[in-house]
Amino acid sequence: MPDQFDVTDVPERHRYEIRVGDQVAGFAEYALRTDPHGDGETIAFVHTEVDDAFAGQGLAGRLARAALDDARARHLAVLPFCPFIRGWIAKHPEYVDLVPTRRREQFDLA
């Protein structure tokens, strides 16, 4: 597992990137929106991918944690449409509170 990695929000590409050295090892794509149903500003995670060259090193989990920590710091409600992000939240219940209560059942996080 690489010790030197960096997760950065790249808003012009609508994604968080995880880099190992100068290489993009993976990313989590998102869409920012204002929820018309009263959940305020939301970040909808739609796709997460790690390059095969970096598979099995725990980078996807590190990427998910960093992106969700940033969402929390920015007071964004999380909509985990991406199966990886949704599954990661399910395994780390301390992050379930980021998903609006009325939307948790939709993501099997009730």
Side-chain angles (χ1 to χ4, degrees):
M1 187 175 305
D3 290 329
Q4 299 297 324
F5 69 93
D6 185 42
V7 177
T8 307
D9 183 12
V10 185
E12 63 274 11
R13 298 190 77 185
H14 306 283
R15 68 189 201 174
Y16 287 88
E17 293 180 348
I18 188 164
R19 293 178 169 271
V20 176
D22 62 352
Q23 287 188 284
V24 175
F27 58 87
E29 293 179 334
Y30 64 80
L32 290 174
R33 59 183 82 154
T34 299
D35 182 39
H37 304 290
D39 291 326
E41 294 293 316
T42 64
I43 185 165
F45 287 98
V46 295
H47 179 70
T48 302
E49 187 174 311
V50 171
D51 188 281
D52 288 344
F54 296 95
Q57 298 180 38
L59 293 176
R62 290 176 177 206
L63 173 60
R65 181 181 302 276
L68 293 168
D69 285 346
D70 188 56
R72 185 183 303 283
R74 294 168 59 190
H75 306 286
L76 298 172
V78 171
L79 303 177
F81 292 103
C82 167
F84 180 82
I85 298 289
R86 183 171 52 247
W88 195 91
I89 291 172
K91 291 177 187 168
H92 299 86
E94 65 273 22
Y95 286 87
V96 171
D97 67 303
L98 292 172
V99 180
T101 303
R102 63 176 199 76
R103 302 290 297 269
R104 291 178 190 165
E105 188 173 329
Q106 172 186 358
F107 299 109
D108 295 322
L109 296 169

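- Of all heavy-atom pairs spanning E41 and T34, the tightest one is OE2-OG1, 2.5 Å.
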Using distance only, find each side-chain donor-acceptor pair of residues 44-53 under 3.5 Å and give its atom names and separation, not counting sequence neighbours.
residue	atom	partner	partner atom	Å
H47	NE2	E49	OE1	2.8
D51	OD1	A53	N	2.8

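- Rounded to the nearest 0.5 angstrom, R15 CZ and E29 CD are separated by 6.5 Å.
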For residues 19-27, which side-chain donor-acceptor pairs fall under 3.5 Å, sequence neighbours excluded?
residue	atom	partner	partner atom	Å
R19	NH1	D22	O	3.2
R19	NH2	E17	OE1	3.4

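- One finds the CZ atom of R104 at 10.0 Å from the CD1 atom of I89 (value rounded to the nearest 0.5 Å).
- With sequence neighbours left out, Q106 forms a side-chain hydrogen bond (donor to acceptor under 3.5 Å, both in side chains) with R103.
- The shortest distance between side-chain heavy atoms of L98 and R72 falls below 4.5 Å.
- Listed by chain and number, the residues in a side-chain hydrogen bond (donor to acceptor under 3.5 Å, both in side chains) with R74 are D9, Y16, D70 (sequence neighbours excluded).
- Every side chain to side chain contact (heavy atoms under 4.5 Å, CB included) that E12 has, sequence neighbours left out, goes to V10.
- When all heavy atoms of F81 and R86 are compared, the pair lying nearest together is O-NH1, 3.2 Å.
- In this view, D6 and T8 satisfy the side chain to side chain contact (heavy atoms under 4.5 Å, CB included) rule, not counting sequence neighbours.
- For the atom pair T101 OG1 and L109 CG, the distance stands at 11.0 Å (nearest 0.5 Å).
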Inset, instruction - Check step by step if side chain to side chain contact (heavy atoms under 4.5 Å, CB included) holds for V99 and E105. - result: CA-CA 10 Å; V99 180; E105 188 173 329; over 6 Å; no
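- Considering every non-hydrogen atom in both F107 and P80, the closest pair reads CD2-O, 3.5 Å.
- For the atom pair CG of L63 and CH2 of W88, the computed distance is 10.0 Å after rounding to the nearest 0.5 Å.
- The CD1 atom of I43 sits 9.5 Å away from the CG atom of L79 when rounded to the nearest 0.5 Å.
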